[in-house]
Amino acid sequence: MSDPDVPINSVKRSYDVIDEIREREQVGVTELAEALEIPKSTLHNHLQTLEQLGYLVQQEEKYRLSTKFLHLGREARNSHEVFLYGREKVKRLGEQSDAYCQLVCEENGRGTILLATRWQYEDLPPTAKHVYPMHEYLHTNAPGKAILAQFPEKRIEEIINRHGLPENTDQTITGKDELYRALRSVREQGYAIDRGEMIDGVAGVGASIATTDTVYGAIAAYGPINEIQPNIESETLPTLVKEQAQAVRDDIVFDSLG
């Protein structure tokens, strides 16, 4: 079925194929055709094209994503100015706070985690798919709310209309009025707090990396609520997070002047 919101539906279909394979890790043609509700002949054309371009690998009559996506992701991240100027700052924040720290940017109305400290492959079971969540709804977490608070109302409305306000936990903000009240508080205090809104039992603080004209991203620090809450209430953690966010902003602005 064609999508009226997409200029080239054949391109969208190829990405639907990629997303479905990503979800299933390895999948055969029959299973994939049934999942996508498209004829096998149409699916074969997409699969063969993606394989020839190096984005898919066929093994024992099943398809999986190729490591080309790994290289593309690293190149996209490594060329991002927030990552370039923020990677050492987020590591420093991790050392100062002994928390799980994140460097986040906004892409297409979602939060993208460019770097996270203390999430290590070797500490995860072999079946783990991700080192840490790579994409999150902005309203569900501290760095996302810190970013949203810097946007004009029109941009916030666009994001809500596109993605809605889905619920991660019982604490997640799911109402527009409640979100706007929360964002006003973020602007007033200069940082956002997540008390179990993204993950039950986990709290965090996020501060935006922004100027009056540009929102670059945010830095955040997370940990178990019972461990991190005292540092939030004492303003110790918010102060550290804001300092590192400001340091990234200053480096970006200073370099742009040169």
Side-chain angles (χ1 to χ4, degrees), residues 82 86 89-90 93 96-97 99-116 133 135-200 202-223 225 228-250 252-253:
V82 170
K89 308 295 190 304
V90 76
L93 177 61
Q96 293 173 332
S97 64
Y100 293 83
C101 298
Q102 301 173 348
L103 185 63
V104 180
C105 71
E106 176 267 330
E107 291 183 336
N108 300 316
R110 298 283 297 273
T112 297
I113 301 177
L114 298 171
L115 181 64
H135 300 283
E136 291 292 340
Y137 294 103
L138 293 170
H139 70 285
T140 66
N141 54 82
K145 289 188 291 183
I147 290 171
L148 280 175
Q150 298 299 318
F151 285 154
E153 184 174 340
K154 181 180 178 182
R155 176 63 177 142
I156 297 172
E157 288 291 328
E158 289 173 351
I159 291 172
I160 293 173
N161 291 336
R162 179 173 182 176
H163 298 293
L165 297 172
E167 181 180 288
N168 271 22
T169 74
D170 292 341
Q171 302 302 315
T172 305
I173 294 172
T174 56
K176 187 185 295 187
D177 291 342
E178 183 184 3
L179 177 61
Y180 276 113
R181 286 194 297 271
L183 297 183
R184 283 195 294 270
S185 296
V186 173
R187 296 185 194 103
E188 291 170 2
Q189 62 192 14
Y191 60 89
I193 299 176
D194 168 4
R195 291 186 174 90
E197 297 167 46
M198 183 170 68
I199 302 173
D200 281 320
V202 176
V205 176
S208 64
I209 302 165
T211 64
T212 54
D213 300 319
T214 306
V215 182
Y216 298 99
I219 278 184
Y222 271 85
I225 287 180
I228 208 169
Q229 187 62 32
N231 290 331
I232 295 177
E233 293 177 352
S234 68
E235 296 283 326
T236 302
L237 189 59
T239 298
L240 291 174
V241 173
K242 287 193 296 181
E243 286 176 351
Q244 294 305 329
Q246 182 69 26
V248 180
R249 186 201 77 90
D250 290 348
I252 293 174
V253 171

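For clarity, every value in this text was computed on a predicted model and none was experimentally measured.
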May I ask you to decide if A210's main-chain N or O and S208's side chain share a donor-acceptor pair within less than 3.5 Å?
->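 Not at all, since once roles are kept as given, no pair shorter than 3.5 Å links the two residues.
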Return yes if a side-chain donor-acceptor contact under 3.5 Å exists between Y222 and D194, otherwise no.
->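 Yes.
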Could you give the distance from [atom1] ([X]) to [atom2] ([Y]), rounded to the nearest 0.5 Å?
X: C105; Y: I147; atom1: SG; atom2: CD1; answer: 7.0 Å
X: Q189; Y: K242; atom1: CD; atom2: NZ; answer: 8.0 Å
X: I209; Y: R249; atom1: CD1; atom2: CZ; answer: 10.5 Å
X: Q171; Y: I225; atom1: CD; atom2: CD1; answer: 7.5 Å
X: L165; Y: L138; atom1: CG; atom2: CG; answer: 10.5 Å
X: I173; Y: N141; atom1: CD1; atom2: CG; answer: 10.5 Å

Of all heavy-atom pairs between [X] and [Y], which one has the smallest distance, and what is that distance?
X: N231; Y: P238; value: O-CD, 3.6 Å
X: D170; Y: E167; value: OD1-OE2, 4.0 Å
X: G190; Y: A207; value: O-CB, 4.1 Å
X: Y216; Y: V82; value: O-CG2, 3.0 Å
X: K145; Y: A192; value: CB-CB, 3.9 Å
X: H163; Y: N108; value: NE2-O, 2.8 Å

Heavy-atom distance under 4.5 Å between the side chains of L114 and V90, does that happen here?
->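 No. Closest side-chain heavy atoms not under 4.5 Å.
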Evaluate the side-chain contact (heavy atoms from CB on, under 4.5 Å) criterion for residues E243 and Q246: first the C-alpha distance (whole Å), next the side-chain angles of each, then the deciding distance (0.1 Å), finally the verdict.
-> CA-CA 5 Å; E243 286 176 351; Q246 182 69 26; 5.8 Å; no
State which residues pass side-chain contact (heavy atoms from CB on, under 4.5 Å) with [X]; sequence neighbours excluded, sorted by chain then number.
X: R155; answer: E106, F151, P152, E158, I159
X: Q96; answer: R92, L93, L240, Q244
X: R187; answer: A149, I156, L183, R184

Test side-chain contact (heavy atoms from CB on, under 4.5 Å) on T211 and I252 and set out the steps.
-> CA-CA 10 Å; T211 64; I252 293 174; over 6 Å; no
After noting the C-alpha distance and the side-chain angles of H139 and T172, does the key distance pass the side-chain contact (heavy atoms from CB on, under 4.5 Å) rule?
-> CA-CA 8 Å; H139 70 285; T172 305; 3.9 Å; yes
Working for side-chain contact (heavy atoms from CB on, under 4.5 Å), residues R195 and I232 | CA-CA 10 Å; R195 291 186 174 90; I232 295 177; 4.2 Å; yes
In a check of side chain to side chain contact (heavy atoms under 4.5 Å, CB included) between E136 and each of R110, M198, Q102, which one passes?
->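 Answer after filtering R110, M198, Q102: M198.
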